[in-house]
Engineer: 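Encoded as structure tokens, here's the structure I'll be asking about.
The sequence lines fix the lettering, A, B, ..., with proteins before strands; numbering per chain opens at 1.
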Amino acid sequence: MHGRRPEHHRRRPAGRWRLDRSIRLHKPCFGKQRKTMSVVTRIAPSPTGFMHIGTARTALFSWLYARGRGGKFLLRIEDTDRERYHPEAVDAIKSGMKWLGLNWDGDAVSQFERRDRHAEIARALVEKGAAYYCYCSPEELDVMRAQAVAEGRSQFYDRRWRDRPAGDAPPGVKPVIRIKAPLAGDSTVQDQVQGPVTVDSQNLDDFILLRSDGTPTYMLAVVVDDYDMGVTHVIRGNDHLNNTFRQKLIIEAMGWPVPVYAHIPLIHGPDGAKLSKRHGAQGIEDYRDMGYLPEALRNYLLRLGWGHGDDEIISMDQAVAWFDLDGIVKSPARFDFAKLESLNAHYMKEADDARLVDLVTPFLEKQTGTPLSAQSRAWLAAGMADLKQRAKTLVALADEAHFYVAPRPLPFEDKARQTVSDPAAQHILTILAARLETLEPWTEQAIEALCHDIANQQAGGKLGKVAMPLRAALTGRSASPPIFKAAEILGRREVLARLKDAIAN
RNA sequence: GUCCCCUUCGUCUAGAGGCCUAGGACACCGGAUUUUCAUUCCGGCAACACGGGUUCGAUUCCCGUAGGGGACGCCA
């Protein structure tokens, strides 16, 4: 059913940038140390406290690209900003990655721990004449920017220290190191998603490489780390596209190979604006807590910004085999919970019953406030085949499963109470209870047959007149999984007890 | 404001100049099945942003307009 699409359907128009990739792959610019071009991708999240859903998708794409090519997928924590650094945030990233099934090669790299190396490169750049010391204070720069905005000019640093002799350095001021960006010309990046993108040098300023406290900025650190880690393919959010030109300046000044870039479009909220807190969920742990299965979220994220013909349900193995950069869509995508939910419903139906019992247990325990009894667990396991057909999330599953874990007497919902308290229903339940006491064998089929029999005798053959009160009595609700099966699972003793609760009610 | 990117059903997408009467999925609406609610199955509604080119022919290529998004920090 899937993957019929012939290979030639998967490619983009041959014009323009497509040609460049083959050139890039075989050009000696990739350096002597990488004769055999093996793919290395990475995900480089900053420890903000949770793993952003967009970061998760970038990680997925990077992971798939590497795994599909026998390459490596690395994890680097961009933790150079010490004021915002929290160790728990790193754990959140790692556990998020693990939950999604995205294993990384080697140990996670801490960018902060590599700060000496970054500083070393910054100084090397100064020695090469590609960077310089700047003694402007932050306040001075604020004034500069404010003035530029007021006059409608570009907000860039005006390069006042670019050519000043070292002797001009004011005493006691710690300088930053700035790159010497070219004053003229332009620069083009062959992006694998966006195509060729050209930016005029006038739009590149002398940005800071090394802060006055000696720590690197993101722009420097990312380039040095990617080089040292041997990253060949940089797959990241489109919000970094402009940064690429700045980073290229550093790369070229050092004479390093330029990686292949693929800037994937951003994920927007349902309203089209950047995904933010007010849209409800940004971190993947939020999705886990909303009861989504990792395979469902993975499948959803994969299809958000990437397509493979008409394929919708895509396994991890298929994704590894099929994923390629040229299937990535260029435009931003809106996040659609309805579709995620439908995918989740699909994967829940496919999921192993025992696994679902494990997965739903924390939700259930949260709901009841007590640990699950062995009896409840057993009922749950037996009933899972029916339960999972009906729920779209683990949260909904926990709700569906309520009657298997709630202690007697069960609370009645309004509609169920009405059903059960009807005099005719009370009469039927009384008869039903009496006959169930001696029913043999205790099976779904026998219970159903008995109910039919009672319906014929007491309700003009209307099974609903028996089944609905039974359902209400056993579950406390007016909707439930197939009730005869549920009765079989609960067992004679429990069923009779619940019937008595309902009759007395 | 400046620069960059984007634009096919409500949403995610297929689409490589004639295979397009524009396909699939989700959502929505109907119908069938059913002890309930679901599931499942069948059917339906629904889009090439606009304007110019190029071409025998444009959803597809080019230019513009409009709209959306992103970037402009001693954040990442």
Engineer: Identify the nucleotide, in any strand shown, that forms a Watson-Crick or G-U wobble pair with B:G73, with both distances under 3.5 Å; if there is none, say none.
Structural biologist: none
Engineer: Is there any protein nitrogen or oxygen under 3.5 Å from a nitrogen or oxygen in nucleotides 44-51 of chain B, and what are the pairs?
Structural biologist:
none

Engineer: Does A:S480 get its side chain close enough to the base of B:C37, under 3.5 Å, for a donor-acceptor pair?
Structural biologist: no
Engineer: Closest approach to the side chain of A:H268, judged atom by atom: which nucleotide of B:U35, B:G69, B:C74 is it?
Structural biologist: B:G69
Engineer: Which pairs, protein N/O on one side and nucleotides 8-10 of chain B N/O on the other, fall under 3.5 Å?
Structural biologist:
none

Engineer: Nearest to the side chain of A:A479, heavy atoms from C-beta on, is which of B:U36, B:A71, B:C6?
Structural biologist: B:U36
Engineer: Strictly by ring-ring contact (aromatic ring centres under 6.0 Å, His included), give each pair with a member in residues 448-472 of chain A just once, sequence neighbours left out.
Structural biologist: none
Engineer: Can you list, in residue-number order, the parts of residues 44-58 of chain A that come under 4.0 Å of RNA chain B, counting heavy atoms only?
Structural biologist: A:S46
Engineer: When all nucleic acid strands are considered with a 4.0 Å heavy-atom cut-off, which category describes A:N243: base, sugar-phosphate, or nothing?
Structural biologist: base
Engineer: Quick one: which of B:A76, B:C74, B:G69 gets closest to the side chain of A:P138?
Structural biologist: B:C74
Engineer: With respect to the side chain of A:A467, which nucleotide from B:U35, B:A27, B:A76 is positioned closest?
Structural biologist: B:U35
Engineer: Considering only nitrogen or oxygen atoms on both sides, find all protein atoms under 3.5 Å from nucleotides 38-43 of chain B and state each distance.
Structural biologist:
from: B:A38; atom 1: O2'; to: A:R390; atom 2: O; distance (Å): 3.4

Engineer: What protein N or O atoms touch nucleotides 20-25 of chain B N or O atoms at under 3.5 angstrom, if any, and at what distances?
Structural biologist:
from: B:G23; atom 1: N2; to: A:D310; atom 2: OD1; distance (Å): 2.9
from: B:G24; atom 1: N2; to: A:R303; atom 2: NH2; distance (Å): 3.3
from: B:G24; atom 1: N2; to: A:E312; atom 2: OE2; distance (Å): 2.6
from: B:G24; atom 1: N3; to: A:E312; atom 2: OE2; distance (Å): 3.4
from: B:A25; atom 1: O4'; to: A:E312; atom 2: OE2; distance (Å): 3.4
from: B:A25; atom 1: N3; to: A:K339; atom 2: NZ; distance (Å): 2.9

